[in-house]
*Asks:* 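After the structure tokens below, expect a handful of questions from me.
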Amino acid sequence: MKGILQTLIETEMGPVSVLIEEGRAVRIKLGGLFEGVPKMEVEPFKSQIEGYFRGKIKGVDFPVKITGTEFLLRVWEEVRKIPYGRVLTYGQVARNLKTAPRAVGLAMARNPLPIYIPCHRVVSKNGLGGFGAGVEWKRFLLELEGVVL
DNA sequence: TCATAATACCGGA
DNA sequence: TCCGGTATTATGA
């Protein structure tokens, strides 16, 4: 599958779209579509995201292309290790990486691939913390994974 | 509780 | 370069 296109998934919370370039996911958007990009059904992106939202699978793993600074890549890699249904605080992730909580928050805000990089599993020490697509998405995802908080 | 500093990093001027 | 802005946290009154 060549070129640039997107696949659309309907969920209880609203639309989720995956932007795909040269057969690899480059961005995932919660709650909207990418402007001016042709839509089609693209596997395996579509079925995996659907499976995740239905609680059938505990994670997604498809070809991706992730770009970012050295630091961002390190943080995203660390976050990807957090298992389904578990959460860490910004501070805990920061300690693992010998950096500061605030820098971790910054890296989360720049996550191009939510769900694939489960940034919703990184929460504030006292509360939910923020979320790019809106905290209601974060709450929904954690609830889906059975996290009480 | 509320304010404030420390902190690591990023992007724009 | 410098500077302001973060999806934070620890501390002191």
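Each chain gets a letter, A, B and so on, in the order its sequence line appears, and its residues count up from 1.
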*Asks:* What is the separation between atom CG on A/Leu106 and atom P on B/dG11, rounded to the nearest whole Å?
*Replies:* 8 Å
*Asks:* In this structure, how many angstroms lie between the P atom of C/dA7 and the CZ atom of A/Arg139, rounded?
*Replies:* 17 Å
*Asks:* Would you mind reading off the distance between A/Arg110 atom CZ and C/dT8 atom P, rounded to a whole angstrom?
*Replies:* 13 Å
*Asks:* Base, sugar-phosphate alone, or nothing: which one does A/Gly91 contact when heavy atoms must sit under 4.0 Å apart?
*Replies:* sugar-phosphate
*Asks:* Is any side-chain N of the basic residue among A/Lys56 and A/Glu50 closer than 4.0 Å to the acidic one's carboxylate O?
*Replies:* no
*Asks:* Would you kindly give the CH2-to-P distance between A/Trp76 and C/dA7, to the nearest whole Å?
*Replies:* 15 Å
*Asks:* If we ignore angles and hydrogens, is there a donor and acceptor under 3.5 Å between the side chains of A/Tyr116 and A/Gln48?
*Replies:* no
*Asks:* Please report the distance, rounded to the nearest Å, between CZ in A/Phe71 and C1' in B/dC9.
*Replies:* 6 Å
*Asks:* Please confirm whether the backbone N or O of A/Glu22 pairs with a side-chain atom of A/Lys65, one donor and one acceptor, at under 3.5 Å?
*Replies:* no
*Asks:* Assign each of A/Ser124 and A/Ala103 to its nearest nucleotide of DNA chain C by heavy atoms, then name whichever residue's nucleotide is nearer the 5' end.
*Replies:* A/Ala103
*Asks:* Nearest to the side chain of A/Met108 - C/dT9, B/dA8, C/dA7?
*Replies:* C/dA7
*Asks:* Whole angstroms only, please: what is the CG-P distance between A/Leu88 and C/dT8?
*Replies:* 16 Å
*Asks:* Would you mind pulling out the nucleotide paired to B/dA5, Watson-Crick or G-U wobble, both distances under 3.5 Å?
*Replies:* C/dT9
*Asks:* Nearest-Å distance, CG (A/Leu128) to C1' (C/dT8)?
*Replies:* 14 Å
*Asks:* Assess the residue pair A/Lys81 and A/Glu77 against the criterion (salt bridge (Lys or Arg N to Asp or Glu O under 4.0 Å)); give the C-alpha distance rounded to whole Å, side-chain angles, the decisive distance to 0.1 Å, and a yes or no.
*Replies:* CA-CA 7 Å; A/Lys81 294 182 193 162; A/Glu77 193 179 343; 5.5 Å; no
*Asks:* When we call it a touch if two heavy atoms are under 4.0 Å apart, what does A/Phe131 touch: a base, just sugar-phosphate, or nothing?
*Replies:* base
*Asks:* Look at the aromatic rings of A/Phe53 and A/Trp137 and report parallel, tilted or perpendicular, splitting at 30° and 60°.
*Replies:* perpendicular
*Asks:* To the nearest Å, give me how far apart OH (A/Tyr90) and P (B/dA6) are.
*Replies:* 23 Å
*Asks:* Counting only side-chain nitrogens and oxygens, does A/Thr69 get under 4.0 Å of the OP1 or OP2 atom of B/dC9?
*Replies:* no
*Asks:* Output the single nucleotide from B/dT7, C/dG5, C/dA7 whose closest atom is nearest the side chain of A/Arg102.
*Replies:* B/dT7
*Asks:* For B/dA8, does OP1 or OP2 lie under 4.0 Å from any side-chain N or O of A/Lys98?
*Replies:* no
